[in-house]
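Every number for a ligand or one of its atoms is a count from 1 in the order of the listing.
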Amino acid sequence: MTRPPIDPTTTTAWQELAAHHARLVPDLRGWFRADPGRAERLTFDVGDLHVDLSKNLVTDETLALLVRLAEEVGLTERVEAMFRGDRINVTEDRSVLHTALRRPAGATPRLVVGDQDVDADVQAELAKVFAFAERVRSGEWRGVTGEPVRTVVNIGIGGSDLGPVMAYEALAPYVQEGLEVRFVSNIDPTDVARTVADLDPATTLFIVASKTFGTLETLVNARLARAWLWEQLAARGAIDGSETARADAVAHHFVAVSTALDKVAAFGIDPANAFGFWDWVGGRYSVDSAIGTSLAIAIGPERFREFLAGFHAVDEHFRTTPLARNVPALMGLLNVWYVNFLGAHTHAVLPYAQLLHRFPAYLQQLTMESNGKRVRWDGTPVTCDTGEVFWGEPGTNGQHAFYQLIHQGTRLIPADFIAVATPAYPLRDTEGDGADVHELLLANFLAQTAALAFGRTADEVRAEGTREDLVPARVFPGNRPTTSIMAPALTPSVLGQLIALYEHITFVQGIVWGIDSFDQWGVELGKKLALELAPALAGDADALAAQDASTRGLVEYYRAHRR
Ligand code: F6P
C-alpha cells in the first residue's frame with residue numbers, strides 16, 4: 001500500500017524557502033566576486049558528466065533548504081521504493097523498474113520482484129535482441145530475395161520513437177557503415193510515404209515498436225508499410241500475390257517490439273521475431289529496453305552495452321549519493337525552486353552538440369508526460385504548480401532565434417547548456433584563420449552562460465560609447481540561471497548518463513509534487529475522440545451531428561475542400 005503523498009507546501013522547509021525567497025536578492029555577479037570557491041563548490045561530477053550548478057540563482061542556504069524539502073517529502077524512501085520494484089505507479093498499479101534494464105549481467109543481490117526474476121528476464125531478452133542485431137549487422141538475416149538488410153525502418157510513436165530516434169542521431173558516428181535507420185511515427189500519411197519512397201523493399205526491415213501494440217498511429221503505419229512491401233516486392237517479381245508469399249515476406253521483413261506478444265502474432269509477425277519488455281517499463285523510459293532494437297542494430301551490442309552502463313552509473317549515483325551531492329536530486333530540486341518560488345513556466349535545454357538535436361524533443365515527452373499532472377498519486381489535487389514546459393534547440397542556432405527573450409525578456413527561463421570536450425568531427429577552418437571549429441562552438445557555449453549570469457550594466461554599456469538614449473535597450477540584466485553540463489565526448493555511455501540524469505531529475509520533481517510521474521491519462525481523451533471523429537470525416541451524418549458547432553464547421557470545411 002503506497003503511503004499518501006506529503007504536501008510539500010506544509011513542510012517546514014517549504015515555509016523557510018518561501019521566507020528565504022522573500023529575502024533573497026539574486027546577485028550572481030556579487031556572489032561570484034565575494035566567494036572565489038563558489039564555482040568549485042557547486043560543480044559536481046557524476047560518471048563522466050561534469051555539472052556546474054554555480055550559475056543558478058541559489059546560495060548555500062537555498063540548496064540546504066531544498067535538500068531539507070527533499071528529506072521532508074521522503075525522497076530517499078521513494079527512490080528506494082522505485083529501485084526495489086514497489087508499485088509506485090499507483091494509478092496503473094505497476095512497478096517502475098526502468099533502472100533494472102541497465103543492471104549489469106550478474107549484478108548482486110539479484111533483483112527479484114514478486115515471482116519475477118527481473119535480472120534473468122532482462123538479460124534473456126537483451127541476449128535475444130543482441131543476437132538478432134548481430135544477424136542483421138553481419139548480413140546473415142536476409143530478405144525474401146536473399147539480400148541483406150541495408151535500411152531499418154522503426155515504426156513507433158512517443159516513447160517507441162523519440163528515444164530511439166534521438167539516440168540514433170546522437171550516436172551517428174557509431175552506426176555501422178552501410179546501415180541506415182529511419183523512423184516513421186506520425187499518422188500523417190506523408191510520414192510513411194516519404195520515408196519509404198526511395199527504399200528498396202528487398203533490403204528493408206521494418207521494426208514495429210509499440211508497448212501496447214494498440215496505438216492507432218503505429219498500427220496504421222505498420223499496415224501501410226506492409227502493403228508497400230507487398231506491392232513493391234510483387235512489382236519486382238520477388239513475390240506473387242499468394243497468402244503464403246505475403247506471409248513469407250512479412251516473416252523476412254517485419255519484426256516487432258512489444259509487451260503484447262499476442263497482438264504481435266495477430267498482426268502476422270512471427271512471435272519468434274518479436275522482442276518483449278514488461279509493463280513496469282514506461283514508454284518514455286524504454287529506449288534502453290527492446291524498444292532500442294533499431295539502435296542495437298545500428299551501433300551493435302557492444303556499444304549498446306556501453307550505453308546501458310552509462311545509465312547504470314547514474315542510477316548508482318542517484319541511489320547511493322547523499323542528497324547534498326546528488327546531482328539528479330539537486331537539479332530536480334533546483335527546478336522545483338524555479339517553478340514554485342521564482343515562477344518559471346518553462347525550462348530550456350540547449351545542447352551545444354548538433355548530434356543532440358533531438359534531445360529536447362525527447363525530453364519533452366520524458367518531462368511533460370511525466371510531470372504534467374494536476375492531481376497527486378492519491379487522487380487529491382496538487383497543492384502547487386507542477387510540470388514546466390521543456391523546450392530547446394541546439395546552440396548556436398537557438399542564439400539566432402530565441403535567446404533574445406532569454407537574455408532580455410521579462411520571463412525567467414532556467415536553461416541547461418550541454419557540451420562535450422571532443423567533437424565527433426574535429427574540423428578546422430583552414431580556409432579562414434585555421435580555428436578549431438569546435439572551439440568556436442564552445443566559445444559560444446561559455447559566452448552565453450556568462451552573459452546570462454552576469455549581464456551588462458548601464459555603466460558598462462555607456463563605457464562602450466553607447467548613445468544615452470540607446471543604453472536601456474543594450475543593458476543585459478543578468479541573473480538568468482543556467483546549469484552547464486560537460487562531458488569528454490558524446491559516447492554511448494555519456495548518452496546513457498545524460499538520459500538517466502534527466503529521468504531522475506523528472507522523478508525528483510514528481511516526488512516533491514506528490515504526483516505519479518509514470519502514468520499518462522492526459523493523452524487518452526483525445527485518442528478516444530479521434531476514433532469518434534473519424535467516421536464524421538468520412539461522411540457519417542450521425543457522427544457529424546453528434547459534434548459541437550465548431551467541430552462540425554471544421555469537418556464541413558474539410559469535406560468541402562478535400563480533393
Ligand atoms: O499516447 C501516449 C503514449 O501512451 C506514450 O506514453 C507512449 O510512449 C506512446 O503513446 C506509444 O505507445 P505504444 O508504445 O504503446 O505504441
* Mark the output for Gln365 as yes if a heavy-atom distance to ligand 1 is under 4.0 Å, and as no if none is. => yes
* In ligand 1, which numbered atoms sit nearer than 4.0 Å to a non-hydrogen atom of Gly159? -> 7 (C), 8 (O)
* **Partner residues of Arg135 under the side chain to side chain donor-acceptor pair (under 3.5 Å) criterion, sequence neighbours left out** => Glu140
* Structure fact -> Given the options Phe311, Tyr285, Phe507, His98 meets ring-ring contact (aromatic ring centres under 6.0 Å, His included) only with Tyr285
* Output yes when a side-chain donor or acceptor of Glu92 lies under 3.5 Å from a complementary backbone atom of Asp519, and no otherwise. => no
* Run down the list Arg284, Gln520, Lys527 and name the one with the heavy atom closest to atom 10 (O) of ligand 1. => Lys527
* How close does the nearest protein non-hydrogen atom get to atom 9 (C) of ligand 1, and which residue and atom is it? -> Ile157 O, 3.6 Å
* **Closest approach of any protein heavy atom to atom 15 (O) of ligand 1, naming residue and atom** => Thr212 OG1, 2.6 Å
* Asked: Taking the six-membered ring of Trp377, is NZ or CZ of Arg78 closer than 6.0 Å to its centre and within 45° of its axis?
  -> yes
* Contacting atoms of ligand 1, where contact means under 4.0 angstrom from a heavy atom of Thr215 -> 12 (O), 13 (P), 15 (O), 16 (O)
* Structure fact -> Given the options Leu69, Asp385, Asn335, Asn340 meets side chain to side chain contact (heavy atoms under 4.5 Å, CB included) only with Asp385
* Does Arg562 come within less than 4.0 Å of Glu556, counting only side-chain N to carboxylate O? -> no
* Close-contact set for ligand 1 against Gly158 heavy atoms, below 4.0 Å -> 8 (O)
* Asked: Looking only at N/O atoms, are Val523 and ligand 1 under 3.5 Å apart anywhere?
  -> no
* Asked: For atom 2 (C) of ligand 1, what's the nearest protein heavy atom and its distance?
  -> Glu369 OE2, 3.4 Å
* Asked: Which residues satisfy the side chain to side chain contact (heavy atoms under 4.5 Å, CB included) test with Asp7, sequence neighbours excluded?
  -> Thr9, Thr10, Arg376, Thr383
